[in-house]
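Everything on this sheet refers to the single structure shown next.
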Amino acid sequence: MITEQQLLDFMRETAYKPMTYQELEQHFDIKDAEEFREFLKLLNALEEDGKILLTRTNRYGVPERMDLQRGRLQAHAKGFAFLIPEDREHPDVYIHANDLKSAMNGDTVLVRVTSKGPAGGRLEGEVVRIVKRAVLQVVGVFQSHEAYGFVLPDDKRINRDIFIPKDSFNGAVNGQKVVVRIVSYPEGRAAAEGEVLEVLGHKDDPGVDILSVIRKHQLPEAFPDEVMAEADQAPDAITEEEIIRQGRRDLRDKVIVTIDGEDAKDLDDAVNVERLPNGNYRLGVHIADVGYYVRENSKLDLEAYNRGCSVYLVDRVIPMLPHRLSNGICSLNPQVDRLTLSCEMEFNEHMKVVKHDIFTSVIKTKERMTYTNVRKILEEEDAELMERYKDLVDVFHTMKDLALKLRANRMRRGAVDFDFDEAKVIVDDEGKAVDIVKRDRTIAEQIIEEFMLAANETVAEHFHWLKVPFLYRIHEDPDPEKLQNFMAFAANFGHQIKGRGNSIHPRALQTLLEDIQGTKEQTVLSTMMLRSMKQAKYDAESTGHFGLAAEYYSHFTSPIRRYPDLVIHRVIREVLENGGALTDERQEYLTARMPDIAQQSSERERVAVDAERDTEQMKKAEYMLDKVGEEFEGIISSVTSFGMFIELDNTVEGLTRLSALTDDYYHFDEQHMALIGERTSKVFRIGDEVKVRVARVNMEDYTIDFELVDMKQRQRRERTGGSGQGGDFARGEGRAKGRGREGRDRKAGKDKAGRERKGGREVAGKPKEGGNGGISTAGRAGRGGGNGVGTGSPGSFGFGSGKGGYNSPATGASKRRKKTSTSGIFIGDAATPGSDAKLGGEGAARRKRKKKGGNGGNSTAGFVRKKKK
């Protein structure tokens, strides 16, 4: 039987020329009728999936041999997009709004490269074929206009409203948040058409905002009945007979504890530490054996695969597994027997693992400790707690000693340790944000972090050398161009980084982080460094983890909430039960499955991160809603051509627009990331402390505007030319004069509002990698508005995978704006011809209508007439 890989490898050969199915049949010597039918099915499946193409002469070939690239589309609110190719070595491809056909954000497409910039510059292309639709439904605000309606999408990357015919309202009324199924996708100037599937409630009703995010990212909530039925079959307790039958190592007499947050309910990791007679440390990391209860290919397993991970929103958790498992038999609750997979490691004085063992076990934890109580015992020596846990105080001190030594060893080898401020938004019973509390990274968190990292590395290396199919957590080396840009940026602050391009060792970056500790540029340099790196992900091959300076790394410690951990638990137990190896059949099956699981897990993780960030940004804006007019101390966290972002002590971030700096005309110095006053020579730089007043909060885009306290009015005088915010900018006419905010900020990575927010360190068991790819917008002007500094909402972003090193275009897509009627209804996109740019899209559209004597063929009425036909 011909496999998919054999067929693709053959078509990718240099000598291959497109063949008909008859010629392929002869080449592979297919004679059996059943085998021929399966071969035709394979061809059809690959052609449907866009992995091969059928030419006009009915010959098959692979897209890359036909100058086409297959990949995922990453759209922007202004209409253009980038192709993120599946071929990791191929740079991103910019696609103008006119060349998208009907493709939307997230779609898998085939793109033809139409032009290449000089000296390996930006590639531009057009969509040839949409292979797979990613957007099947949209969440947004419903607007009724009697005979028809529109839905304004919450996702700003969907930059056209969805037309809803009268018979598809399904009870929706004006101002409600709805879920819409797309019936037909946009073609040319025609909008997408949809039907209302679900009415979530009025946009201002309590809880509707979070529910909208859940629907927007299509996060599953309730578990299907058949999944719950399987979960209900799980036992409430473990029997002695079960333990003996499985031959598990009995660790119930050891002093094992869990250390988690106060509100944690799914306790999946427990630890114990002891000093050995030879002076070495023995560390035991014991992880809930979830794979014992969630069998491969069961309903529970398929549901966990589809979910990929648990999602932690501001006011709720959407679990990967039903609570009966995650909070019940799988949770390592105190003083009860639990089945676990254990990794015991012995560390010498140099913190090298000199001996390790991985085995199935049964444990009974002594206490359910919290980070707060462990911190109080170790740092404050709280008398009450030390008396309460007197049998464990020495154990915690031993844990602290080992954790600090492990961390010091990790820093010496060059791990990059980002220490960003993180905050938790507190909400009341109705889901309203009432407080923002900063999270401290105390010694208690560091103990668990270091122990989980050690176990993850040990397990990854052990199974790498066994050469069995496995899932690894990898972090590729940074893109050389982005790293060079960061080095140049750091040099502006007087910091030199040793190394060149791709040869920079992570130790050099960690040295910089240590040097800037406590300085005012610490936040910005840390953030810019993080953005210069690639996003950590799952892979079937072990290629190392750059950020951790680890050659081998996997996720082993959280099978309750991460599917990759669950998968490798099954592999581990299967290897242990079969004498250290797999059968040939299982080896082949798992080898084929792992790449797919890795890709699915990485994609689901990105969805979870996006949803978590959306809810956090939403609730931070809501928290500041009643703070309008109040004054706060903050620091400048980013400077752009359209203003500067200010971060408050509670991690809330807002924009002070260039037009609000009224004491002078300011110019943006990109090299030094500063705004410089033309007359006063006053300078605003990253890290400067400022006092701001909350000017406004936009709950449509969840953005916050600040204004500087004691800002004086500038002296009025005539201005011509220039590129600051002067002249027409101050009057709000928004002529960008070459400084369109869409253009310049990608290169320097200055995407501050709505960006992929401070990804955080890789914490095994509790990771918060936020990656650096992805889309980040600070909102859009109106709904697709212009690119003048003085109007609309900011639009700075870090876009594409970064392989192409693009600035987003300052022409083309940025000269297109959404056209609306006087009532604000979408009636199409109007291209603004070159000489009409200064007059705006509406002026050009008016002249066009005047010439034609009608509405230009692009009005709502025209659209409705078309539908009626």
Side-chain angles (χ1 to χ4, degrees), residues 1-75 81-90 92-93 95 99-114 123 125-136 182-187 192 306 540 588-589 591-600 602-603:
M1 186 70 69
I2 306 301
T3 66
E4 173 183 323
Q5 197 58 49
Q6 285 176 314
L7 185 58
L8 291 176
D9 288 344
F10 172 60
M11 291 184 177
R12 286 169 182 154
E13 290 178 2
T14 308
Y16 177 80
K17 293 183 178 180
M19 293 182 177
T20 63
Y21 76 88
Q22 295 97 333
E23 291 169 335
L24 288 168
E25 175 192 3
Q26 291 176 358
H27 173 81
F28 287 107
D29 195 25
I30 299 173
K31 295 178 180 176
D32 180 71
E34 180 61 28
E35 186 179 1
F36 178 65
R37 277 195 294 271
E38 291 300 318
F39 179 65
L40 287 183
K41 287 181 182 178
L42 176 61
L43 283 176
N44 288 334
L46 291 175
E47 202 265 331
E48 187 175 329
D49 203 28
K51 294 181 179 179
I52 63 175
L53 287 180
L54 185 62
T55 68
R56 294 174 183 173
T57 57
N58 293 321
R59 298 175 186 274
Y60 290 96
V62 287
E64 54 265 40
R65 296 292 303 279
M66 301 179 183
D67 293 328
L68 298 176
Q69 280 296 323
R70 188 178 191 270
R72 183 173 53 87
L73 204 66
Q74 206 174 69
F82 282 92
L83 176 80
I84 312 300
E86 290 182 351
D87 179 1
R88 297 178 187 174
E89 303 302 318
H90 195 282
D92 299 348
V93 182
I95 304 170
D99 297 321
L100 283 172
K101 304 295 189 285
S102 64
M104 301 174 75
N105 182 62
D107 288 351
T108 301
V109 296
L110 294 176
V111 166
R112 176 179 290 111
V113 176
T114 55
L123 302 183
E126 62 180 357
V127 173
V128 172
R129 178 182 160 196
I130 299 166
V131 175
K132 183 180 179 182
R133 289 284 185 186
V135 181
L136 304 177
I182 296 183
V183 176
S184 63
Y185 289 86
E187 290 289 348
N306 289 329
E588 183 179 348
Y589 171 76
T591 299
R593 283 280 293 138
M594 289 303 178
D596 173 67
I597 295 173
Q599 182 177 348
Q600 163 74 359
S602 296
E603 289 176 357

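The chain is numbered in sequence order, starting from 1. Computed from a prediction, not measured in an experiment: that's the story for all the values here.
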Worksheet item: So which pairs with a foot in residues 15-26 pass salt bridge (Lys or Arg N to Asp or Glu O under 4.0 Å), sequence neighbours left out?
Response: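 The answer is Glu23-Arg59.
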Measure the [atom1]-[atom2] distance between [X] and [Y] for me, rounded to the nearest 0.5 Å.
X: Leu24; Y: Met11; atom1: CG; atom2: CE; value: 4.5 Å
X: Arg129; Y: Leu68; atom1: CZ; atom2: CG; value: 10.5 Å
X: Thr591; Y: Glu588; atom1: OG1; atom2: CD; value: 8.0 Å
X: Arg12; Y: Leu7; atom1: CZ; atom2: CG; value: 9.5 Å
X: Lys51; Y: Leu42; atom1: NZ; atom2: CG; value: 10.0 Å

Could you pull out the closest heavy-atom pair between [X] and [Y], with the gap in Å?
X: Leu73; Y: Ala103; value: CD2-CB, 3.5 Å
X: Tyr16; Y: Gly61; value: CE2-CA, 4.2 Å
X: Ala75; Y: Asn105; value: N-OD1, 2.9 Å
X: Ile130; Y: Ser102; value: CD1-OG, 3.4 Å
X: Ala598; Y: Ala540; value: CB-N, 4.2 Å
X: Pro85; Y: Gln69; value: CB-OE1, 3.9 Å

Worksheet entry | For Glu38, all residues meeting salt bridge (Lys or Arg N to Asp or Glu O under 4.0 Å), sequence neighbours excluded |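 Result, salt bridge (Lys or Arg N to Asp or Glu O under 4.0 Å) vs Glu38: Lys41.
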Worksheet item: Which residues satisfy the salt bridge (Lys or Arg N to Asp or Glu O under 4.0 Å) test with Arg72, sequence neighbours excluded?
Response: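 For Arg72 there are no salt bridge (Lys or Arg N to Asp or Glu O under 4.0 Å) partners, ignoring immediate neighbours.
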Worksheet item: So does Gln6 have more than 12 non-hydrogen atoms from other groups sitting under 6.0 Å from CD?
Response: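 More than 12 heavy atoms, drawn from other residues, nucleotides or ligands, come within 6.0 Å of this atom.
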Worksheet item: Do Tyr21 and Tyr60 make the cut of ring centroids closer than 6.0 angstrom?
Response: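 They do not qualify: ring centres at least 6.0 Å apart.
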Worksheet item: Hey, does the side chain of Asp107 reach the backbone of Ala134 with a donor-acceptor pair shorter than 3.5 angstrom?
Response: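 Yes; at least one donor-acceptor contact below 3.5 Å.
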Practice prompt. Starting from the C-alpha separation in whole Å, work towards a yes-or-no answer on side-chain hydrogen bond (donor to acceptor under 3.5 Å, both in side chains) for Gln600 and Asp596.
Written response: CA-CA 6 Å; Gln600 163 74 359; Asp596 173 67; over 6 Å; no
Discussion item. Under a plain distance cut-off of 3.5 Å, with no hydrogens placed, do Gln599 and Glu603 share a side-chain donor-acceptor pair?
Written reply: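 Yes.
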Worksheet item: Does a donor on one side chain sit under 3.5 Å from an acceptor on the other, for Thr3 and Gln5?
Response: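 No pair is found: no donor N or O on one side chain lies under 3.5 Å from an acceptor on the other.
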Practice prompt. Would you mind telling me which of Leu83, Ile84, Leu123 makes a side-chain contact (heavy atoms from CB on, under 4.5 Å) with His90?
Written response: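 Exactly one candidate clears the test, Leu123.
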Item to complete: Please report the C-alpha distance between Phe28 and Glu35 in whole Å, then the side-chain angles of each, then the deciding distance to 0.1 Å, and finally whether the side-chain contact (heavy atoms from CB on, under 4.5 Å) criterion is met.
Response: CA-CA 11 Å; Phe28 287 107; Glu35 186 179 1; over 6 Å; no
Are side-chain heavy atoms of [X] and [Y] found at a separation under 4.5 Å?
X: Gln22; Y: Asn58; value: no
X: Ile182; Y: Arg133; value: no
X: Lys101; Y: Val109; value: no

Worksheet entry | Residues Arg112 and Asp99 bridged, charged N to O under 4.0 Å |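 No, no charged N to carboxylate O under 4.0 Å.
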